[in-house]
Amino acid sequence: MSELRVRLSRLPGERVAVSPDDGSAPFELALADLPAHVAEVEGGPVRARWVWDDTARWYPPLLDAGVRVERCQDLRLCRRLLRRAPAVDQALLAGDDAERWDRLGPAAASEPTLFVTDDRAEHLAADVEDDRQQRAVATSSEAGRLALLLAAESSGALVAAELRWAGMPWRTDVHERMLAERLGPRPPRGARPARLTALADEVGTLLGAPGLNPDSRPELMAALRRRGLDVPDVRTWTLRQLDHPVVEPLVAYKQLSHLFATNGWEWLDTWVRDGRFRAGYQPAGSSTGRWSSDGGGALSLPALVRPAAVADDGWRLVVADVAQLEPRVLAGMSGDLALAGAARGGDLYQAMADAGAVGSRSDAKLGLLGAMYGATSGESGRLVAGLTRRYPRAFGLVEEAARAGERAQPVRTLLGRGSPPIGEESGELWAGDLDAPPADDVSLARQDRLRRAYGRFTRNFVVQGTGAEWALCWIADLRNRLWSLPAAPGAPLTDRPHLVAFLHDEVVVHTPEPLAGDVEREARAAAAGAGRLLFGDAPLDFPLSVSVVTSYAEASK
DNA sequence: TAACCATGCGCC
DNA sequence: AGGGCGCATGGTTA
């Protein structure tokens, strides 16, 4: 079945321009009629790809109207990606409104709707930009891979909108009981809970500093010094090295204080409504292509609050995560058959140890992570050296990426996402020409530090970024597989198995209990499919560990 | 006073 | 002298 690209542009006066790419005449719609139009096309014989400036603006109102979209192209995300793709001729992305497209930021999470008056993207012609992007992809040296990447990125945007729309089932009562057990009753706004007050008092007494505020680093540091406890910082790890009665209450204070501040009652008030935790997701919010969160912290839910994520009555949570995603991706993209061999089973690190490459599983993990993060010293650095001889292609690939970075050259992922240029992230600007000799020893040292830091970044970028691509392909496929599971005719998204969380290498699906087995099967099938999409027939496994649970906290990791 | 930075902790 | 994030606080600066 051929694909019809339906380009949607926002017009003034609550109207939408609809421009199909099949040569048929463009036409206009009232914004209010859009859901009915989309529903009709989605239900018809034509396979449509909805092309719009930003999924976070267009899709939520469609979901509200009960319309589920199968595929789209998110022009904002795709343009950002193409802008940095080394294989793309940047001149092809120039033209009408190009600068405005470049400046387009993500839609605000607080107003994810087209119906809000907002001239931000008005007059931006989706058909013009779509033509540019399509041409840029088609003429690039990596057209197939880039097309896959853009499709995956756009599917991710659909997932993100659906995650937020559906929300993670959340039991406020369970969460509040946990908070009360650890912190005491909910305090008035701005006040410390009883347990924190007690711990702060205890710390102050033990340090002979009544009224001490443990949240103030200078105060705390000074008080510790006065008792002869000379510490460079007040990290938990540093404090634990001390032998002093204040350590235990102080560490307890820090942990509980963090819980209170980050996932306490205020968090519940802000992010949980009607039994659902609705966070903000930013697809490709990280430069490597990983998602980030822009509210609610959905990608860093602490273990302590996970017991509150509880499936509805008669439903289950299917939690699936990939074991050692990035080492497996590294094996695939480098074509390292020895490492791929270790990646054939469920425990890659153990397989490396069994093959005699290292003495133990923990050594394998430390060495491999060290290679991907750029460890140069200590135990990890020593292991890297040994493993390089055993897995020359895999370790050579990350080493080469690091050297490119140290030469200030950007790198790219398997599907063609390019790294940001050197200096952009750190905010430090290169003084003048990179090739020019540095003015003095200080600037030489600074440039050197920056180059090495960029090398560690590019080293990790190729692996983390390709891992993110695998994960995008995984959830894009899983999303469609879930939709194909049996459901009542016309059942909305949340009456069927649906994704409620995605955390880099892990998904959570909320599903009617009888379908949990089907969901598990589809998750595994989608993982295998993602492996084939990225690495073809390379002998490589992406095994999932899957738990069917009532509460997220019960999932075994 | 707002905006920003540094620190520390949580997640992957 | 190990990568990517978000979020909170205190403390500083404009």
Side-chain angles (χ1 to χ4, degrees), chain A residues 109 190 192 196 213-221 231-239 250-251 253-264 266-267 270-271 279-306 321-327 329-330 365-384 398 401-402 405 411 413 417 419-420 425-427 445 448-450 452-468 471 501-507 552 557:
Chain A
R192 256 185 206 144
L196 283 182
N213 175 14
D215 289 329
S216 166
R217 235 171 304 117
E219 259 186 63
L220 181 56
M221 207 94 99
V231 285
D233 55 63
V234 288
R235 291 186 180 94
T236 296
W237 190 89
T238 308
L239 296 172
L250 184 49
V251 166
Y253 176 89
K254 288 163 72 78
Q255 289 177 338
L256 290 174
S257 167
H258 190 257
L259 169 67
F260 170 62
T262 309
N263 292 100
E266 299 273 341
W267 180 89
T270 308
W271 300 106
Y281 292 94
Q282 287 297 334
S286 149
S287 64
T288 58
R290 271 194 182 182
W291 289 17
S292 63
S293 162
D294 68 346
L299 274 61
S300 54
L301 276 179
L304 271 179
V305 306
R306 295 189 185 197
D321 74 281
V322 206
Q324 306 116 19
L325 172 60
E326 287 168 5
V329 157
L330 175 58
K365 182 173 181 176
L366 195 61
L368 208 34
L369 291 178
M372 293 188 297
Y373 291 156
T376 56
S377 69
E379 182 70 359
S380 185
R382 193 179 57 73
L383 287 162
V384 170
V398 287
V411 295
T413 60
R417 189 190 303 268
S419 63
E425 303 282 288
S426 65
D448 216 47
R449 195 157 26 86
L450 189 53
R452 277 201 299 270
Y454 190 60
R456 287 192 300 276
F457 170 68
T458 52
R459 170 194 292 274
N460 187 250
F461 180 93
V462 294
V463 182
Q464 188 184 118
T466 306
F502 168 55
L503 306 78
H504 308 305
D505 61 359
E506 174 178 351
V507 295
Y552 192 13
K557 281 231 69 176

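Lettering follows sequence order; numbering is per chain, from 1. Quantities reported herein were computed from a predicted structural model and do not represent experimental measurements. Only heavy atoms go into these numbers, but all of them, side chains included; no hydrogens, no water, no symmetry mates.
Straight-line distance from the CG atom of A/Leu383 to the P atom of C/dG2: 14 Å, rounded to whole Å. If you take CG of A/Asn460 and P of B/dC12, they are 16 Å apart, rounded to a whole angstrom. Here the C1' atom of nucleotide B/dG10 and the CG atom of A/Leu256 are 14 Å apart, to the nearest Å. To the nearest angstrom, P of C/dC7 lies 11 Å from CG of A/Asn263. The OH-P distance, from A/Tyr454 to C/dA1, rounds to 22 Å in whole Å. We find that CH2 of A/Trp237 is positioned 18 Å from P of B/dT7, with the value rounded to whole Å. In this structure, CG of A/Asp294 is placed 20 Å from P of C/dG4, rounded to the nearest angstrom. Distance A/Asp233 CG to B/dG8 P: 5 Å, rounded to the nearest Å.
Proximity of a side-chain donor or acceptor of A/Trp267 to a complementary backbone N or O of A/Gly296 within less than 3.5 Å is detected. Using a distance-only test at 3.5 Å, with no hydrogens or angles considered, a donor-acceptor pair links the side chain of A/Asn460 to the main chain of A/Met372.
The OH atom of A/Tyr253 sits 3.5 Å away from atom CZ of A/Arg192, with the distance rounded to the nearest 0.5 Å. Here the CG atom belonging to A/Asn263 is positioned 10.5 Å from the CZ atom belonging to A/Arg306, to the nearest 0.5 angstrom.
A/Val463 comes within 4.0 angstrom of nothing in the nucleic acid, heavy atoms only. A/Ser380 comes within 4.0 angstrom of nothing in the nucleic acid, heavy atoms only. Note on A/Gly295: only backbone sugar-phosphate atoms sit closer than 4.0 angstrom, heavy atoms only; bases stay farther off. Within the nucleic acid shown, A/Ser377 comes within 4.0 Å of sugar-phosphate atoms alone, with no base atom in reach, counting heavy atoms only.
A/Arg456 meets the salt bridge (charged side-chain N to carboxylate O under 4.0 Å, His left out) test with no other residue; sequence neighbours excluded. With sequence neighbours excluded, the residues that form a side-chain contact (heavy atoms from CB on, under 4.5 Å) with A/Ala323 are A/Arg328. Among residues two or more places apart in sequence or in another chain, the salt bridge (charged side-chain N to carboxylate O under 4.0 Å, His left out) test is passed with A/Glu266 by A/Arg189. In this view, A/Thr238 and A/Val231, A/Pro232, A/Asp233, A/Arg235 satisfy the side-chain contact (heavy atoms from CB on, under 4.5 Å) rule, not counting sequence neighbours. Every residue two or more places apart in sequence or in another chain was checked for a ring-ring contact (aromatic ring centres under 6.0 Å, His included) with A/Tyr552, and none qualifies. Contacts of A/Ser292 classified as side-chain contact (heavy atoms from CB on, under 4.5 Å), with partners at least two apart in sequence or in another chain: A/Gln282.
Distances from the side chain of A/Asp505 to the nucleotides C/dA1, B/dC12, C/dG4 place B/dC12 closest. Comparing C/dG6, C/dG3, C/dA1 against the side chain of A/Ser292 picks out C/dG6 as the nearest. The A/Thr262 side chain lies nearest to C/dA8 when the options are C/dG2, B/dC9, C/dA8. In this structure, the nucleotide among C/dG4, C/dA1, B/dG8 sitting nearest to the side chain of A/Gln464 is C/dG4. Of all nucleotides listed (C/dG4, C/dC7, C/dG2), C/dC7 comes nearest to the side chain of A/Ser293. Nearest nucleotide to the A/His258 side chain, out of C/dG4, C/dG2, B/dC9: B/dC9.
Annotation: proximity of residues 296-304 of chain A to DNA chain C (heavy atom, distance under 4.0 Å) is found for A/Gly296, A/Gly297, numbered in ascending order.
By the criterion of a centre-to-centre distance under 5.5 Å and near-parallel planes under 30°, the ring of A/Tyr373 forms no stack with the base of C/dG2.
For residues 365-381 of chain A, the salt bridge (Lys or Arg N to Asp or Glu O under 4.0 Å) pairs, not counting sequence neighbours, are A/Glu379-A/Arg382.
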Starting at the 5' end of nucleotides 9-14 of chain C, put B wherever the base has a protein heavy atom under 4.0 Å, S where only the sugar-phosphate does, and a dash everywhere else.
-SS---

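Under 4.0 angstrom from either OP1 or OP2 of B/dG8 there lies no side-chain N or O belonging to A/Lys254. Considering only side-chain N and O atoms, A/Thr236 lies nowhere under 4.0 angstrom from the phosphate OP1 or OP2 of B/dG8.
For B/dC12, the base has a donor-acceptor partner in the side chain of A/Arg290 [N/O atoms by modelled type, under 3.5 angstrom].
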